[in-house]
Amino acid sequence: MFYALLCYHQEDVVCAWTKEEDDAVMRKLAVVQERLAREGKLGPVARLLPTTAATTLRKDQDPPLVLDGPFAETKEQLLGFYLLDCADLEEALGIARELGAANPGGSYEIRPVGIFHDGGARP
């Protein structure tokens, strides 16, 4: 079963980290990511640019409205995601706990993923 592990944090906090602080968090995360990759459990991992780089297409009118920035104002922003191949939710939660120990603050949302088209990426 595939699970999306969505990484949320307060963007202003993360963007205020020094390069050294950010690099230290990324090194801790890399330890977990490298193990998951060796075990064949890690799919794509993406770190999103800040919400100031976002564009939203609002479809509640015709033609749709294009806006700068994210759709919703929230306390925490989606900063990135993992795609994990896990036996079940308990395994995905274990991985989220392990990544959470390496990354101060924030939260992880775990969602089962239905693959409709893999883009030809898998044989």
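Predicted, not measured: the structure shown is a model, and the values here were computed from it.
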Checklist outcome for this item: Rounded to the nearest 0.5 angstrom, the CG-CZ distance for Leu84 and Phe2 is 10.0 Å
Checklist entry - Are Val14 and Val32 connected in a single hydrophobic cluster, I mean Ile/Leu/Val/Met/Phe/Trp/Tyr linked by side-chain heavy atoms less than 4.5 Å apart? => result yes
Item to check | Heavy-atom check, side chain of Leu93 versus side chain of Tyr108, under 4.5 Å | outcome: no
Checklist outcome for this item: The reported gap from CE in Met26 to CD in Gln33 (rounded to nearest 0.5 angstrom) is 6.0 Å
Checklist entry - Should we say atom CG of Asp12 is surrounded by more than 12 heavy atoms from elsewhere, each under 6.0 Å from it? => result yes
Checklist entry - Hey, does Val113 have a side-chain heavy atom less than 4.5 Å from the side chain of Tyr3? => result no
Checklist entry - Is any side-chain heavy atom of Leu36 closer than 4.5 Å to a side-chain heavy atom of Ile95? => result yes
Next on the checklist: Is there a side-chain contact between Thr56 and Arg58 in this structure, where contact means two heavy atoms from C-beta onward sitting under 4.5 Å apart?
Outcome noted: yes
Checklist entry - With a 4.5 Å heavy-atom cut-off, do Cys86 and Met1 have their side chains touching? => result no
Checklist entry - Within a radius of less than 6.0 Å around CZ of Arg35, do more than 12 heavy atoms belonging to other residues, nucleotides or ligands occur? => result yes
Checklist entry - Does Leu29 reach the side chain of Glu34, with side-chain heavy atoms less than 4.5 Å apart? => result no
Checklist entry - Considering all heavy atoms of both residues, which atom of Asp85 and which atom of Gly40 are nearest to each other, and what is their separation? => result CB-O, 4.2 Å
Next on the checklist: Could you tell me if Tyr8 and Gln77 have a donor-acceptor pair between their side chains, going purely by distance under 3.5 Å?
Outcome noted: no
Next on the checklist: Looking at Asp23 and Lys28, is any side-chain nitrogen of the basic one under 4.0 Å from a carboxylate oxygen of the acidic one?
Outcome noted: no
Checklist entry - How would you list, by chain and number, every residue that makes a side-chain hydrogen bond (donor to acceptor under 3.5 Å, both in side chains) with Glu91, sequence neighbours excluded? => result Lys41
Next on the checklist: Test of understanding: with salt bridge (Lys or Arg N to Asp or Glu O under 4.0 Å), list the residues that count as partners of Glu76, not counting sequence neighbours.
Outcome noted: none
Checklist outcome for this item: The reported gap from CZ in Phe81 to CG in Leu6 (rounded to nearest 0.5 angstrom) is 8.5 Å
Item to check | Rounded distance (nearest 0.5 Å) linking atom SG of Cys7 with atom CG of Leu48 | outcome: 9.0 Å
Next on the checklist: I'd like to know if the side chain of Tyr82 reaches the main chain of Pro44, judged simply by a donor and an acceptor atom lying under 3.5 Å from each other, with no hydrogens or angles considered.
Outcome noted: no
Next on the checklist: Whether the side chain of Glu21 engages the backbone of Thr18 through a donor-acceptor N/O pair (distance < 3.5 Å, no angle test) should be reported.
Outcome noted: yes
Checklist outcome for this item: CD (Gln10) and SG (Cys15) are apart, to the nearest 0.5 Å, by 11.5 Å
Checklist entry - Between His9 and Asn103, is there a donor-acceptor pair closer than 3.5 Å when you use the side chain of the first and the backbone of the second? => result no
Checklist entry - How far does OG1 of Thr52 sit from CD of Glu11, to the nearest 0.5 angstrom? => result 6.0 Å
Checklist entry - Is there a path of hydrophobic side-chain contacts, each under 4.5 Å between heavy atoms of I, L, V, M, F, W or Y residues, that connects Leu5 with Leu78? => result no
